Visitor: 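Before I ask anything, let me first share the structure, which is written out below as structure tokens.
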Amino acid sequence: MSDQAASDTAPHHRPVRSGDHVFLVDGSGYIFRAYHALPPLTRKSDGLPIGAVAGFCNMLWKLLREADDTAAGVKPTHLAVILDASGETFRSEIFPAYKAQRPPPPADLVPQFGLIREAVRAFNVACVEKTGFEADDLIATYARQAREAGADVTIVSSDKDLMQLVGPGVILLDTMKDRRLGPDEVVEKFGVPPEKVVDVQSLAGDSVDNVPGVPGIGIKTAAQLILEYGDLEGLLAQADGIKQKKRRENLIEFAEQARISRKLVELDQNTPLDEPIDALAVRGLKGEQLIAFLKAMEFNSLTRRVSEATSTDVAGVEPASVPIKGWPPEADPSAEAEKPAESTEKAGDSAPKADAVSARLPADVEPNTPAAVVAERQAAAVAAPVDTSAYETVRSLDRLDAWIAAAFDLGYVAVDTETTSLDAMQAELVGVSLSTGPGKACYIPLLHQTGTNDLLGGGLAPDQISQAEAIKRLKPLLEAPTVLKIAHNLKYDYLILARHGIHVAPFDDTMLLSYALDAGKGGQGMDELSERWLGHKPIPFKEVAGSGKSMLTFDQVPIDKASVYAAEDADVTFRLWRVLKPRLPADRVTTVYETLERPLLPVLARMEMRGISVDRQILSRLSGDFAQTMAALEAEIHELAGEKFNVGSPKQLGDILFGQMGLPGGKKTKTGAWATGADVLEDLAAQGHELPRRLLDWRQLSKLKSTYTDALPGFIHPETKRVHTSYSLAATTTGRLSSSDPNLQNIPVRTEEGRKIRTAFVAAPGHKLISADYSQIELRILAHVAEIPQLVQAFEDGIDIHAMTASEMFGVPVEGMDPMVRRRAKAINFGIIYGISAFGLSNQLSISRSEASDYIKRYFERFPGIRDYMEATKAYCREHGYVVTIFGRKAHYPEIGSSNPSMRAFMERAAINAPIQGSAADVIRRAMVRMEAALDAANVRADMLLQVHDELIFEVADDAVEAALPVISKVMEEAAEPAVRLRVPLKVDARAAQNWDEAH
DNA sequence: CCTGCCCCATA
DNA sequence: GTATGGGGCAGGA
């Protein structure tokens, strides 16, 4: 070993000079990291924990012997291990909480600190620590000196707090991953180059070290802000120009805290050093000394390697006598006090909820009325406890047949399916549960697997009926017209079963029952309803299958566990049905349930199954285009500006626009910076200036890309190659549907770029998409319910409703109307639907509050019926706790009487909006329920695919388009009848095209 | 890893 | 000013 001979004779002191390589080992950081990353290791002879020491010694050995083989790429000429001395540092004086609440190190790490010092000594390496200073400050100071002497610096650490030191000639070396951390890696971690890391950290703070930072700002936001504003002071100076309210307030309120944080985070590069940097020169190993230590630690393989490398005879070396402090640990009396207090709430857990208790037979209920039945059922439901031990696991066809026969005899049965996924289009049917009465329930396991983590793939668990055979026998029951099937959220099970050829009918859905009865009073989930109505908390899914990354699919759940869970769900569903179903007549929502809820379920299931074709290529091209356009826009913006600048920086942008280019209309913010908000840029763009237009485009594209073009392809079904959204029938208070996974009700349309995403929604070959949407349906509903003669007349005459409103309000003729005037009227019309406030209208139109008040006043003067309607609606809601749509759907607002004025005002606006939004939702529901039969009757094949609140999308063969259009329009326009005779006509615009954009 | 917040897409 | 769902982020487990 030739280098060994050389280093043995290396001088103790050697000046650092250009070309040298100074290695600064962050000893403390290494110890903590090794302790947590490496498996616990103890000395064989006495159990002394030595894992971190072992890791440290191996690391140091490797560094001294073969650093050029690591990511460092060079050997050290100088090397020191820097440790944290105990005691307070200057940071505690600036901010007493700094690192104050840090828990004491784990007991089995404590003795290793001393051992590490011994190890460094044994390696004959300089060991530096200084009371009152952190290791990081010493490292920062040595690094500065080394650089000034022209040497390269390798900081052996991966601590993010040291990343601020990275720069020319200074890198971090993560020896555990053998990775060098240079400027690129710092940017990856902090989003900014090393010299701005301190600014980012001072904003984001650090909960581990108790660096406060600014609340609500993490690394990402901090990086974005620092890139925009340059540095912390620049940002704080312009904080009141920040768009986001909360963020702005916090930056202003916590500015000083950020400055303090900066002092805590910034390392001191001028720490007084006891040991000059020259003294860190690599000294060379003393074989015997090192081996004595290693033998004492019982590190056998490292001892062997060292003995080979240094030609030292191991046998001839006595183990060193190493002092050990902190082991074994002393008993900590405070540990006992940590025991959690015994819960005293156990008894209350199974007690019925107040809601359910209040269901006891009230004295004023007349017998043999719907209300009496309801009261009895509720009392009975709470009285009968759920016994999960009484369920049967069906293992044979005989037993299955017996359950099926019982269901036929009874005439109704609760059903639930268990599957492998929440996505009904991809889920595998794993089992079925049935219930024929409270407490009478079974589970039929079909596809459960043996073993859970078995990589060899546990096969099918024994004693299960074959899935195909079970489906064959269940099908007659589930389709039998004489047996009512009861399920909770049936659309899911309906889809699963439909994929196996079973078309469930007739049915009730307890989720929809609850929704028709209690929309707005809380969720419609089964567990929630069970607690509310039965006073029983069902077994949570996560108790059966776990959660998060380690969550089991249901086929991996052991059958006995699965059985109780699944049968309970059927049992609970059955019991809920007994309680909820009689409430329909009592609460007078039977018709709502039977015409607007239940029949829509199969319609939606079919829509979801059909899915819609989304052109993956268009999306990926679009994604690329967006990326490219963004880059191009950036280049154009630079071109227009005449120089390169950060397009994301309002500060730089303001200087360019109003400083260099001298554009007019510049406004200054309070701090004197140019305002560059969207409104300002829109103004400039309207004056024909290119740069602001491009900048707005750029901002918009980055949004479209991440939310749509990059996310949608992931939803294309592997087999159908189409996108199958999932509609929720019971998610909103007003009666609207909602769409998720993916949400196809918020595909962009307002901007040209956004509409390109719609072009990716295409018809199948030989087909067209038809889009049919209601024109102004909510304003028409408003005209109807509030009985406003001018509005009704305008809709009958088919004239521009917003222009008419403006004409009424401002006394100007519709002909040749100023578009601004019409725009104001339009905003007010929408405002009315939303339960207008002067605050909201002033924001929408960017006018003063008092001006907005004037508009509203004038509007009410011209349309007094609307004010009457609004007042009447609020009064009705206060009296009943709910409002109703024109078809009788209820939307509950139990908090309408809140004593909190802003809460109450919010509820009032919602209550005003709900009958309008909800009636429109009812109308399109009615159209959807009737649509299929109407198309069949007209002998037209048109597949309904999507609903977007006031729009229906169909897929129709080319040669059927002309026949389909009038049928679709007619069904939609007549959807309210005969239940409600509207005072205004409903108008539908329908057209066909190859893609959704052109059809819309 | 989960929850809540902000922001933004739609009607 | 109404009604949603979702991406990204922060922050506390």
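Order of the sequence lines fixes the chain letters, A, B, ..., with proteins taken first and strands second; residue numbering starts at 1 for each chain. Being a predicted model, the structure only gives us computed values, none of them experimental.
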Visitor: Can you measure from CG (D950(A)) to CD (Q917(A)) and round to the nearest 0.5 angstrom?
Guide: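 If we round to the nearest 0.5 Å, D950(A):CG and Q917(A):CD are 11.0 Å apart.
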Visitor: With heavy atoms under 4.0 Å as the rule, sort R736(A) into base, sugar-phosphate or nothing.
Guide: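 The residue R736(A) makes base contact.
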Visitor: Could you state the CE-C1' distance from M551(A) to dC2(B), rounded to the nearest angstrom?
Guide: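 In whole Å, dC2(B) C1' and M551(A) CE are 14 Å from each other.
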Visitor: Ignoring hydrogens and angles, write down the donor-acceptor pairs under 3.5 Å from the side chains of residues 196-205 of chain A, residues two or more places apart or on other chains.
Guide:
unit_1	atom_1	unit_2	atom_2	d
K196(A)	NZ	G230(A)	O	2.9
D199(A)	OD1	L232(A)	N	3.1
D199(A)	OD1	R262(A)	NE	3.1
D199(A)	OD1	R262(A)	NH2	3.4
Q201(A)	NE2	D161(A)	OD1	2.9
S202(A)	OG	V198(A)	O	3.2
S202(A)	OG	D199(A)	O	2.7

Visitor: Whole-Å distance between dT10(B) C1' and L712(A) CG?
Guide: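 Answer to the nearest Å: 13 Å.
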Visitor: Checking side-chain polar atoms at under 3.5 Å, does N995(A) have a donor or acceptor matched by the opposite partner on E998(A)?
Guide: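 Result is yes, a qualifying pair exists.
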Visitor: Which whole-number value in Å describes the distance from Q224(A) CD to dC6(B) C1'?
Guide: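 Distance check: Q224(A) CD to dC6(B) C1' gives 12 Å.
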Visitor: What's A911(A) touching, base or sugar-phosphate or nothing? Going by heavy atoms closer than 4.0 Å.
Guide: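 Contact class for A911(A): none.
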Visitor: Which part of the nucleic acid, if any, lies within reach of E778(A) when heavy atoms closer than 4.0 Å are counted: base, sugar-phosphate only, or nothing?
Guide: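 Touches nothing.
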Visitor: How close or far is atom C1' of dA11(B) from atom CG of N913(A), stated in whole angstroms?
Guide: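 Atom CG in N913(A) sits about 11 Å away from atom C1' in dA11(B).
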Visitor: In this structure, how many angstroms lie between the C1' atom of dA9(B) and the CG atom of D710(A), rounded?
Guide: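 Going from D710(A) (CG) to dA9(B) (C1'), I get 15 Å.
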Visitor: Describe the nucleic acid contact of R247(A) in one word from base, sugar-phosphate, nothing, applying a heavy-atom distance below 4.0 Å.
Guide: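 No contact.
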Visitor: Just to be sure I understand the geometry, which residues of residues 828-837 of chain A put a non-hydrogen atom under 4.0 Å away from DNA chain B?
Guide: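 The stretch gives none, as no residue of it lies under 4.0 Å from the strand.
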Visitor: Contact boundaries of DNA chain C with chain A (under 4.0 Å, heavy atoms), 5' to 3'?
Guide: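 It runs dG1(C) to dG11(C).
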Visitor: Look at all strands and tell whether I916(A) reaches a base, only sugar-phosphate, or nothing, counting heavy atoms closer than 4.0 Å.
Guide: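 If one applies the 4.0 Å heavy-atom cut-off, I916(A) turns out to touch nothing in the nucleic acid.
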Visitor: Find out whether the Lys NZ or Arg CZ of K705(A) is both under 6.0 angstrom from the six-membered ring centre of F626(A) and within 45° of the ring's axis.
Guide: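 The answer is no; the distance or angle limit is not met.
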Visitor: Taking all heavy atoms of R736(A) and all of Y515(A), pick out the closest pair and write down the distance.
Guide: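 The answer is O-OH, 4.0 Å.
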Visitor: Just by modelled atom types, is the K756(A) backbone N or O under 3.5 Å from a matching donor or acceptor in the D997(A) side chain?
Guide: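 Pair absent, no side-chain N/O of D997(A) close to backbone of K756(A).
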Visitor: Nearest nucleotide by nearest heavy atom, which residue falls closer to the 5' end of DNA chain B, Q917(A) or G548(A)?
Guide: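 Looking at the nearest nucleotide for each, G548(A) comes out on the 5' side.
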Visitor: Considering every strand and a 4.0 Å limit on heavy-atom distances, what is the contact class for N743(A): base, sugar-phosphate, or nothing?
Guide: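 Sugar-phosphate only.
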Visitor: Between P on dC6(B) and CD on Q244(A), what's the gap in Å once rounded to a whole number?
Guide: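 From Q244(A) CD to dC6(B) P: 11 Å.
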Visitor: Please report whether the ring centroid of Y855(A) lies less than 6.0 Å from that of Y859(A).
Guide: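 No - the distance between ring centres of Y859(A) and Y855(A) does not fall below the 6.0 Å cut-off.
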Visitor: Tell me: CD of E951(A) to P of dA11(B), nearest whole Å?
Guide: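 Checked: the CD to P distance equals 7 Å.
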Visitor: Over all strands shown, is I747(A) touching base, sugar-phosphate only, or nothing at heavy-atom distances under 4.0 angstrom?
Guide: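 Result for I747(A) = sugar-phosphate.
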Visitor: Of all the heavy-atom pairs spanning A97(A) and N210(A), show the shortest one and how long it is.
Guide: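 Shortest heavy-atom separation between A97(A) and N210(A) comes out as O-ND2, 3.0 Å.
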Visitor: Could you tell me the separation between the CG atom of L946(A) and the C1' atom of dA9(B), rounded to a whole number of Å?
Guide: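 Interatomic distance, CG of L946(A) to C1' of dA9(B): 16 Å.
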Visitor: Any side-chain N or O of S547(A) less than 4.0 Å from the OP1 or OP2 oxygen of dC2(B)?
Guide: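 So the side chain of S547(A) is within the cut-off, an N or O lying under 4.0 Å from OP1 or OP2 of dC2(B).
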Visitor: Evaluate salt bridge (charged side-chain N to carboxylate O under 4.0 Å, His left out) for K890(A) paired with D518(A), printing each intermediate quantity in order.
Guide: CA-CA 8 Å; K890(A) 294 179 180 177; D518(A) 295 325; over 6 Å; no
Visitor: Evaluate M511(A) against K491(A) for side chain to side chain contact (heavy atoms under 4.5 Å, CB included), listing each step before the verdict.
Guide: CA-CA 10 Å; M511(A) 187 174 80; K491(A) 180 160 67 59; over 6 Å; no
